[in-house]
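Structure first, commentary second.
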Amino acid sequence: MTQYLLAIDQGTSSSRAVVFDSTAAVVASAQQEFPQEYPQPGWVEHDPEEIWGSVLSVTKKALQESGASLDQIAAIGITNQRETTLVWHRDTGECVHRAIVWQDRRTAPYCRKLKDKGAEETVIAKTGLRLDPYFSATKLAWILDEVPNARQMATDGKLAFGTVDAFLLWRLTGGLVHATDATNASRTMLFNIHTQDWDDELLELFDIPESMLPQVKDSAAEYGLTDASVLGAAIPVCGVAGDQQAALIGQAGFETGMTKSTYGTGCFVIANTGETALQSRNKLLTTVAYRLNGKVTYGIEGSIFVAGSAIQWLRDQIKIIDSAEVSAAIAEASGIVENVHVVPAFAGLGAPYWDPDARGAILGLSRDSGISEIVTATLQAVAYQTKDLINAMADDGIQPSIIRVDGGMVANDWFLQFLSDILNLTVERPKNVESTVLGAAYLAGLTSGIFASTEALQNLWRRDALFEPDMKDTQRDRLYKGWLDAVARVKT
Ligand code: ADP
């Protein structure tokens, strides 16, 4: 009997489900967007029933389109938007509040208060994260403080906390399983990434009752069977990982130094650092890349707030291009731009600058600068920012070997060649650029025996294109210095 894997990707703006065959080829897929709620400036919420409803609907659709019968689905893998926080009643599965999304900044004052008390050093040492509203702990504390009676119910063991993976797992298993994986746990700010356990001192700091927390399992593990009433059969859930980690897995980034960079709206870079949890000097995050057979592999992570969205800005705001795609042809025709720099610091500067008040600028214009210079310089800016992150990683002790890229922007060959030139590294684009959902399928396939090992997954990974550095050191140095000068001009 032919066997298939079902991967669920519950993202920030949409839910997807993909059915893969045993060679990791896509058989069928479905995707559905769901509403974002902005109840106040800086607040972002999701309706848990919209999350669940969209997941159910895409899952059923993908299964149906695949033509596979339910007993041919060997296992399910889940990947998800990370850090987003849910709390639900153990008896009914109903949430006590809408999901507080990772982008939500409502707990900034609370984080500041804890920082003033000197708590950040402990948080960094134990979790590898910064004391920031981004992560789950202060969002969870907010729900316990603000929802009437929540703290009492939590103390009485009546409430469960989870990131989106745990919530989906609970619903899929009909409330039988309350678990998460080590990658998702590592983003809560309650999990000690060195001991691989929920941390008493952190639970006390954020005032969280331990009884609310899910069990933490390997990323590839037997999580439990779906309740037959949900999808029509009992199917084992066998893999879970947060979206960026799943992308690293989908890129088969299993060796120390292997790095994946996802270019969507923003850009997320994770380098595999092996058994070593590097402590960053450059405000990068230390994270669990994956945990397999009880063995933790760590990663170091940095993000760029504005990547593909800078191209959208060219298209929608200043309206100098009709589509994102034409940016490649424009850059091809213009060639590398030496003197014009676009600094897309629309939402401040992230790692390694961490300047939330900086704003964007176009520098170095002369009488002959035009649309093509600005478009090309914008593509170059995304590459320079990647170099900023890679340099920070190198300074922290991990020199990336190969960069594997994915996300919407990597359709742009000109951008990838420039990226390779400016990084002075090999850049590889896979055949399947949907690395996140593929990573979830890989994990499910490892547990269920469809894939024998991570080595087998490395053999499955297929390259679409390879970009090798082909730029003189002098030009690379000159260009990058120009970028650093431009950044210095926008810093506050
Ligand atoms: P997300 O998952 O964050 O929604 P995607 O991975 O779908 O993002 O990528 C979409 C982004 O990629 C958009 O911001 C778009 O501007 C950018 N993009 C798409 N095609 C190109 C291209 N050929 N060149 C440059 N940028 C592109």
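Remember, predicted model here, so these are calculated numbers, not experimental data. Order of listing sets the numbers, starting from 1, for every ligand and every atom in it.
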Nearest protein heavy-atom contact for atom 23 (N) of ligand 1: which residue, which atom, what distance? Glu325 CA, 3.6 Å
Residue, atom name and distance, where the atom is the protein heavy atom closest to atom 15 (C) of ligand 1: Gly308 O, 3.9 Å
What protein heavy atom is closest to atom 24 (N) of ligand 1, reported as residue, atom name and distance in Å? Asn412 ND2, 3.1 Å
Nearest neighbour in protein (non-hydrogen) for atom 26 (N) of ligand 1: Met409 CG, 3.0 Å
What protein heavy atom is closest to atom 2 (O) of ligand 1, reported as residue, atom name and distance in Å? Gly264 CA, 4.7 Å
Can a donor-acceptor pair be found, under 3.5 Å and without considering hydrogens, that links the side chain of Thr188 to the backbone of Asn184? no
Check whether any heavy atom of Ser309 sits under 4.0 Å from an atom of ligand 1. yes
Going by the 4.0 angstrom heavy-atom rule, the piece of Ala324 near ligand 1 is both
Give a yes or no on whether a salt bridge exists between Arg98 and Glu49, defined as a side-chain N under 4.0 angstrom from a carboxylate O. no
Mark yes or no: Arg404 above the aromatic ring of Trp461, with NZ or CZ under 6.0 Å from the six-membered ring centre and no more than 45 degrees from the axis. yes
Just distances here: any N/O of Gly266 and N/O of ligand 1 closer than 3.5 Å? no
Number the atoms of ligand 1 from 1 as they appear, then name those within less than 4.0 Å of a heavy atom of Gly407, with their elements. 6 (O)
For Arg478, does the CZ atom sit with more than 12 other heavy atoms under 6.0 Å from it, leaving out its own atoms? yes
Distance from atom 10 (C) of ligand 1 to nearest protein heavy atom, with residue and atom: Gly408 CA, 4.1 Å
What protein heavy atom sits nearest atom 13 (C) of ligand 1, and how far away is it? Gln312 NE2, 3.7 Å
Could you identify the single nearest non-hydrogen protein atom to atom 3 (O) of ligand 1 and state the distance to 0.1 Å? Thr265 OG1, 2.6 Å
Other residues, nucleotides and ligands only: do more than 12 of their heavy atoms fall within 6.0 Å of CG on Asn339? no
Electrostatic pair Glu301:Lys260 at N-O distance under 4.0 angstrom: no
Assess whether atom CD of Glu65 is packed by more than 12 heavy atoms of other residues, nucleotides or ligands within 6.0 Å. yes
Subset of ligand 1 atoms that lie under 4.0 Å from at least one heavy atom of Ser327: 24 (N), 25 (C)
Tell me whether the NZ or CZ atom of Lys217 lies within the 45° cone about the ring axis of Tyr223 and under 6.0 Å from its centre. yes
Please assess Phe268 against Tyr263 for the test ring-ring contact (aromatic ring centres under 6.0 Å, His included), listing each intermediate value before the final yes or no. CA-CA 7 Å; Phe268 288 87; Tyr263 294 93; over 10 Å; no
